[in-house]
Each structure stands twice: as structure tokens, then as C-alpha cells.
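For reference, the structure discussed in these notes is given below.
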Amino acid sequence: MEQINTVDVLIVGAGFSGLGAAIRLAQEGFEDLVVLERGSDVGGTWRDNSYPGAACDVPSHLYSYSFAPNPDWSRAFSPQGEIYDYIRRVTREAGVREKIRFGVEVTAVDFDEPRGRWTVQTSEGTYDARVVVLGVGALCEPRNPDIDGIEDFAGPVFHTARWDHSVMLADKRVAVIGTGASAIQVVPSIAPTVAHLDVYQRTAPWVLPRIDRTYPDLERKAYRRIPGLQRAVRALQYASREFQVVGLTRSRAALAPIKALGRAHLAMQVRDRKLREALTPRFEIGCKRILLSNTWYPALSRENVDLVTSPITRVTSDGIVTADGVEHPTDVLVVATGFHVTDSPFFERVRGTDGRTLADKWAGDGMEAYKGTTVSGYPNLFVLVGPATGLGHSSMIYMIESQLNYLADAMQTMRARNLQTVDVREVVQEAYNDELRANTGDTVWTTGCKSWYLDDKGNAPAVWPDFTFVFRRETREFDLSAYRRTPVGATEPSSSGARA
Ligand code: N01
């Protein structure tokens, strides 16, 4: 007979959100937990996105856990390796590494209503859990472009989030498809080493100067020694980013100064009129994520770099053919084409009380949850970085920590009230989302551009349409009245199995 691992809380994913949940729940006295991670290390997106030039475009004092400030950040915007090291260190210091099972892929998450528990199938056997926390992340499933002939390309093809470090790019003719946040970091990093680089642009992005600097020793010492200094810097970084929300969600006029800055940045960095014309954004600033770079435009102005704006029609065994009939010889093909966000394949693996998957449930009106975290018909399931929690302007860790407050209070409430399950009421969830949609209608994200914020209906269910402190306030306490509950004892007793 198959051995079932019984555990109180099962967390899927060991990135910033899943680890944050493990640390917070352990602190709150919920020690009987396991984290299942398909990779071989912690870090999630910061482990996977190791492409040349990968860095954060949110300042590091803000892009870190509030409970684990790091006075030793080397610069304002940390490179990927430093963030990856930070996550590993925090995991070790918080003592949660032993809670993580690496190399375990979660294949199915099914709610067993009579028992009021979740059955979780994995590549390493079955788990039985009272509470499931999804920390799978929003930007984790690479979206590969569906281009005619791409499977026949003879050279290496890889996504930025799955960078193949064994491929030497020196002296190669390289193509990069896409001009989003990932591409604008990769291109300047590899341009000086490759023989030739073609950058395929479908939509010219808005790019602002990156006000980055290294932190001198003295400053780092000050962060270590002067109480409150780092917190004050973090608060300033938070406030300056939060100003953007006015323009993104309320008054377009507030975006005028950053639009002017973007235009000036392009004009100053690109002298060639034709290239400047091709790089001029044609959509409202903020509709897609605003990118930060001082090196993107200079890289595109290099002798060995071509910006290709004619649409790709097909890929051959050794090149890319564009609509203008030109065949561009290519040795290595890099796709910087983003992620499945509103259509994550993980949604197909989670089945609630009526046996429907999250993917099916969200196929009609789009993905939605209550406070970005709980979904009606999926009791005791907490989705971190869930629907309507994404940000373009500030730190996702702030949103994650808000959700952790809600999760921790939900767990304490269930413990105090002796509850087996909590399931958000459908009417409450609907009312919450009606209001969110009404707000999102006025935002810049639905003004006509294409982005990962949007679903196939043109709604923006992935992104939080207000100030982030409003979300923090909303999630401060678990609001039990919004939930249907089952007391302990009202469900069938749990079958016993091995402790995970
Ligand atoms: O992906 P994207 P990304 N043919 O979806 C193009 C985070 N991030 O990986 O604009 C040709 O933004 C597509 O074109 P278009 C951050 O939240 C953070 O760059 O749709 N082109 C676009 O140019 C970011 O928002 C950091 O017309 C195709 C690009 O590919 C998110 O990750 C760093 C195509 C995709 O852009 C995703 O960024 C990096 C096709 N078939 C990433 N399909 C930080 O610094 C797509 N494109 C924190």
C-alpha cells in the first residue's frame, strides 16, 4: 500500500512567496509544514533567471523581506546572484531549509470534501494536508513563441528564464526575440561579445534612466550601525514608487513628467533619426511595465547590433525570415518572450469541492480570488501572488508579506475557533471582484497595449489596481465572516499516514 505523508500545511514552491510562508508560519507556531520545490534549490524566479545582466529593477532595500533587512547590498539595484544568495541565506538563518523537499514536482492538488483535507500528488508520492499554500509564483512558466518552423532551427534555442550557460555566444550570430524587461537586460550584456546581434522588436517599450549606484563601504556600515537608517531608506523608496499609482490608476496627467523623461532619454541616447523613430513607444506609458536602463539604447546603436521591426514570418534551420522577405542568418536563438501568467499551467492541477480545476473555473470570467488569496470552492487553499496582486511599479515582496499577514491570521483564527475548513463565500468573492473590475476599468493597463497583466478578454486580472498600502490594510486581518466554515469533527476522521 502506498505510504501517505500527512502534514498540517503543505507549501508549493520555495521562492520568495513560499519561503516567506514557511518562515512566517513556523514563527507563528505552525511547525508541522513541508515545502515542495521542483528545483534543486530555493530562489524561484531568482534561481531560474540567471541570464547575463539579470538584475532587479526595484531598489534592493525595498525588494527584500521586511523581517530580514540586508545592510550589505552592493548597489541600489542588485544583480540576480546577490538576490539569490540573499534568499539562500535567509532560508538558512530562519531554519526552514530542512522543511523543504527538493526535486519534487506537484502534479495534482485535490480537495477531499468528506475529510476536509487536500490530497496532493507529487513525483515523490502522495501527501495529505489540511492547508495548502500555493507559492508557485506568477512569472515562472516561460511562454515560448509559436513561430512557424522554430522547432526546425538547427542551433541552440532557449528562453531567458532557462538560459543555457553551456552555449558560448562569442563570435556567434545571435537573435533575441522580445523587448521586455528581460530582453533589455540581456541585450546590453551580450552585445559586446557576440559577432552579430539581431533584436526582434514587436512593440517599442518605454525606457527610463536607471538611477543606480554602488553603495560605498561607509554607507553599508551606516546601514548596519545606525538604528532605523535602512528602514528610513526603504520607506523613502516605497513612497517614491507609490506616487506612480496616481498616474497608473487615477489621473493620466500625473504620468506626463515620466513620459517626458522617457522621450528625453531616447532623444539623448539615440542620435540616428530612423532608429529613434523605430524605438519611439506608441502606447500610453505605464500600460506595459516601465523599463529602466541606461544601456539598452546604446546597445542598439552598436555597429554589430540590428533592431529588426519587420514581423517574423518563420524560422528556418539557420535563420529567421521577416515579413519584408529578408532572411537573417542566425546561430543561436534567445526567446525573451515572457511568461504564462493569467493562463499558468499550474491552474490545471488544482481541483476544488466540485472537482473543477482552477483553470476551468477561471476560463469563463477570468481569474479571480478574494483579496488575491482565497478562492470560493477551494477551502483552506491560499494562493500567494494570486489574482490581482501583481505590480509593475513596486516590490512584490510587499504584496507577499501582506498576504502572509492574512494567511497567518487565518491559521490563528482557525486554531482559536477549532475550525477544520474555511471557504470564502461566492457572493463575497464576486462583490469584491466587481469592485476591483470597476476600478481596473479606469487604469492605464486597459488602454490598448498588450501585456502579461491582461487576459485573453482584455481584462487586467493579474494586477493590483490601487495603492499597495490599501492591499496591506485589506489583508491585515482574516475576516472570518466572509467565509463558510466547518468545525473540527464535522468531517470524516483523517486516515493516518507517515509524518512528512
Ligand atoms: O516578458 P514580457 P519579460 N514574436 O512579457 C515579445 C518581470 N521581470 O520576460 O510587447 C515577437 O514583458 C513581446 O512583444 P509585445 C517583470 O515583471 C522583472 O521581458 O507583446 N515578439 C515583449 O516585447 C516583467 O514585466 C525584472 O509586442 C514576441 C516580450 O516578448 C516580467 O518579468 C527583470 C512574441 C515579452 O515581454 C516579464 O518580462 C525581468 C512573438 N511571438 C523580468 N511573443 C526585474 O528587474 C512575445 N514577444 C525585477
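The first residue in the sequence is number 1, and the count goes up from there. Remember, it's 1-based here, ligands and their atoms both numbered in the order they're listed.
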What part of A55 sits under 4.0 Å from ligand 1 if we count only heavy atoms: the side chain, the backbone, both or neither?
backbone
Give the contacting part of Y51 toward ligand 1: side chain, backbone, both or neither, where contact means a heavy-atom distance below 4.0 Å.
side chain
Over 12 foreign heavy atoms within 6.0 Å of CZ, R89
yes
More than 12 heavy atoms of other residues, nucleotides or ligands under 6.0 Å from CD of E327: is that the case?
yes
Please determine if [X] has a nitrogen or oxygen closer than 3.5 Å to a nitrogen or oxygen of ligand 1.
X: W46; answer: no
X: I312; answer: no
X: T160; answer: no
X: I147; answer: no

Which of the numbered atoms in ligand 1 are under 4.0 angstrom from any heavy atom belonging to [X]?
X: Q185; value: 33 (C), 45 (O)
X: T203; value: 10 (O), 15 (P), 27 (O)
X: K288; value: 10 (O), 15 (P), 20 (O)

Starting from [atom], what is the nearest protein heavy atom, named by residue and atom, and what distance separates them?
atom: atom 17 (O) of ligand 1; value: R289 NH1, 2.9 Å
atom: atom 24 (C) of ligand 1; value: W452 NE1, 3.6 Å
atom: atom 13 (C) of ligand 1; value: R202 NH2, 4.1 Å

Quick one: does [X] get a heavy atom under 4.0 Å from ligand 1?
X: I177; answer: yes
X: Q201; answer: no
X: L139; answer: yes
X: Y453; answer: no
X: Y200; answer: no
X: R143; answer: no

Distance from L404 atom CG to Y65 atom OH, nearest 0.5 Å?
8.0 Å
Less than 6.0 angstrom separating the ring centers of [X] and [Y], yes or no?
X: Y84; Y: W46; result: no
X: W362; Y: F347; result: yes
X: Y63; Y: Y86; result: no

Please check if the side chain of E401 supplies one atom and the backbone of S66 the other of a donor-acceptor pair under 3.5 Å.
yes
Between R75 and D212 (side chain of the first, backbone of the second, donor and acceptor by atom type, cut-off under 3.5 Å), is there such a pair?
no
Steps toward side-chain hydrogen bond (donor to acceptor under 3.5 Å, both in side chains) verdict (Q185, S293)
CA-CA 8 Å; Q185 294 182 335; S293 178; over 6 Å; no
Given [options], identify the one with the heavy atom nearest to [atom].
atom: atom 30 (O) of ligand 1; options: G390, A336, G338, G180; value: A336
atom: atom 3 (P) of ligand 1; options: P145, P142, S182, C449; value: S182
atom: atom 42 (C) of ligand 1; options: S395, A181, A54, G53; value: A181
atom: atom 44 (C) of ligand 1; options: I184, I150, D57; value: D57
atom: atom 6 (C) of ligand 1; options: C56, G178, A161; value: G178
atom: atom 47 (N) of ligand 1; options: T45, T337, L292; value: T337
atom: atom 22 (C) of ligand 1; options: V199, T179, V335; value: T179

List the steps and the verdict of ring pair (Phe, Tyr, Trp, His ring centres under 6.0 Å) for H61 and Y215.
CA-CA 12 Å; H61 291 304; Y215 290 134; 5.2 Å; yes
In sequence, state the C-alpha distance, the side-chain angles, and the governing distance for Y223 and E219, and then conclude on side-chain hydrogen bond (donor to acceptor under 3.5 Å, both in side chains).
CA-CA 6 Å; Y223 288 135; E219 186 171 347; 2.6 Å; yes
Please name the residue in the list R289, E242, R241 that meets the side-chain hydrogen bond (donor to acceptor under 3.5 Å, both in side chains) test with H393.
E242
Could you check whether R476 makes a cation-pi contact with Y406, meaning its NZ or CZ is under 6.0 Å from the centre of the six-membered ring and within 45° of the ring axis?
no
Test item: R349 and V136 side chains (from C-beta on) under 4.5 Å apart, heavy atoms:
no
S60 and F77 have their tightest heavy-atom pair at OG-C, 4.1 Å
